[in-house]
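One structure below.
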Amino acid sequence: SYFVSFFFSFLLLWFLLLIKPVLFQEMKGTFNPLSLPKDFLVIKDKVSRETEFSRSIWYPNKPEFAYSSPLHPALDASYDLLHKRPFDIAISGTYDMFSYLENPFSRQLFDILGIKYIFAADSLRKHPLSESEIKDKERLLKVLNQTPWLEKINSIEQIASFKTQTPADHFFMTNNN
């Protein structure tokens, strides 16, 4: 009887130690609750107020909290654009996957796709960034800052944000000039 009560006491204690992280909200990894960063709310407020169609593109990947709606779809630069023919043929080499931004026709492609906003955000789950990821981000930001047809949005602090000048609507007509 003493052994049985000791055994069940041990099992209860062991079970409580196993669920302690759940009880005290100390879970890590997939179960770690993410708080919504303020910049994502600023982006949501800015984009959702607009009544005309436009897309946003997120570099290098679309984060969990990226605002997207039927009127303002959000694209993932690595998934939605990278392997599409106009962008794929503009990539030079295997390392720099976003070199198409430096090509002169990328402005026209972005306009035709209706891309109005370009955002560069880090993954909320992947910290700290490796040295190569930091270099890639610095290179991407350098290219975005030096692109003449992009206007920097200064009201967003932690996420590099840019605006194109003439995004097309869902349906549009061109001049035959």
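- Clustering ILVMFWY residues whenever any of their side-chain heavy atoms sit less than 4.5 angstrom apart, transitively, puts L18 in a cluster other than the one holding L12.
- Looking at heavy atoms from C-beta onward, D111 lies out of side-chain contact with W149 at the 4.5 angstrom threshold.
- The nearest pair of heavy atoms linking S5 to S9 is O-OG, 2.8 Å.
- Atom CD1 of residue I43 and atom OG of residue S161 lie 4.5 Å apart, to the nearest 0.5 angstrom.
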Chi angles and distances behind the side chain to side chain contact (heavy atoms under 4.5 Å, CB included) call for I57, F119: CA-CA 6 Å; I57 185 167; F119 302 110; over 6 Å; no
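- Here the CG atom belonging to D136 is positioned 12.0 Å from the CD atom belonging to E131, to the nearest 0.5 angstrom.
- Cluster annotation: I19 is not connected to L11 through the hydrophobic network of ILVMFWY side chains, with a link wherever side-chain heavy atoms come within less than 4.5 Å.
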Stepwise side chain to side chain contact (heavy atoms under 4.5 Å, CB included) check, L75 with W58: CA-CA 6 Å; L75 302 174; W58 292 81; over 6 Å; no
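- Classification of the F65-F40 ring pair by plane angle, with boundaries at 30° and 60°, yields perpendicular.
- F10 and L16 fall into different hydrophobic clusters, defined by Ile, Leu, Val, Met, Phe, Trp and Tyr side-chain heavy atoms under 4.5 Å apart, directly or through other members.
- Scanning all heavy atoms of the two residues, the minimum distance from K152 to N145 falls at CD-OD1, 3.7 Å.
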Full working for side chain to side chain contact (heavy atoms under 4.5 Å, CB included) between Y117 and V47: CA-CA 9 Å; Y117 294 104; V47 175; 3.8 Å; yes
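- Separation of atoms CG (L113) and OG (S106) is listed at 11.0 Å; rounding is to 0.5 Å.
- Atom OG of residue S130 and atom NZ of residue K135 lie 10.0 Å apart, to the nearest 0.5 angstrom.
- If you look at F7 and W14, their ring centroids are not closer than 6.0 Å.
- The minimum heavy-atom distance between S68 and P73, with the atom names listed, is OG-CA, 3.6 Å.
- A distance of 9.5 Å separates OG1 in T164 from CD in E151, rounded to the nearest 0.5 Å.
- The side chain to side chain donor-acceptor pair (under 3.5 Å) contacts involving residues 15-24 comprise K20-E26, where partners must be two or more places apart or lie in separate chains.
- Within a 6.0 Å radius of NZ in K44, no more than 12 heavy atoms belonging to other residues, nucleotides or ligands are found.
- S54 pairs with exactly one of K163, H72, K116 by the side-chain hydrogen bond (donor to acceptor under 3.5 Å, both in side chains) rule, that one being H72.
- The shortest non-hydrogen separation linking A120 to I159 is O-CG2, 3.5 Å.
- Taking CG from L141 and CD from E138, the interatomic distance works out to 8.0 Å, rounded to the nearest 0.5 Å.
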Evaluation steps, side chain to side chain contact (heavy atoms under 4.5 Å, CB included), between Y67 and L41: CA-CA 8 Å; Y67 175 73; L41 290 172; over 6 Å; no
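- The local environment of CD in Q158 is sparse, with at most 12 non-hydrogen atoms from other residues, nucleotides or ligands closer than 6.0 Å.
- Listed for the T147 side chain is no donor-acceptor partner under 3.5 Å among the backbone atoms of L150.
- The two residues L71 and E50 make their nearest non-hydrogen contact at CD2-O, 3.8 Å.
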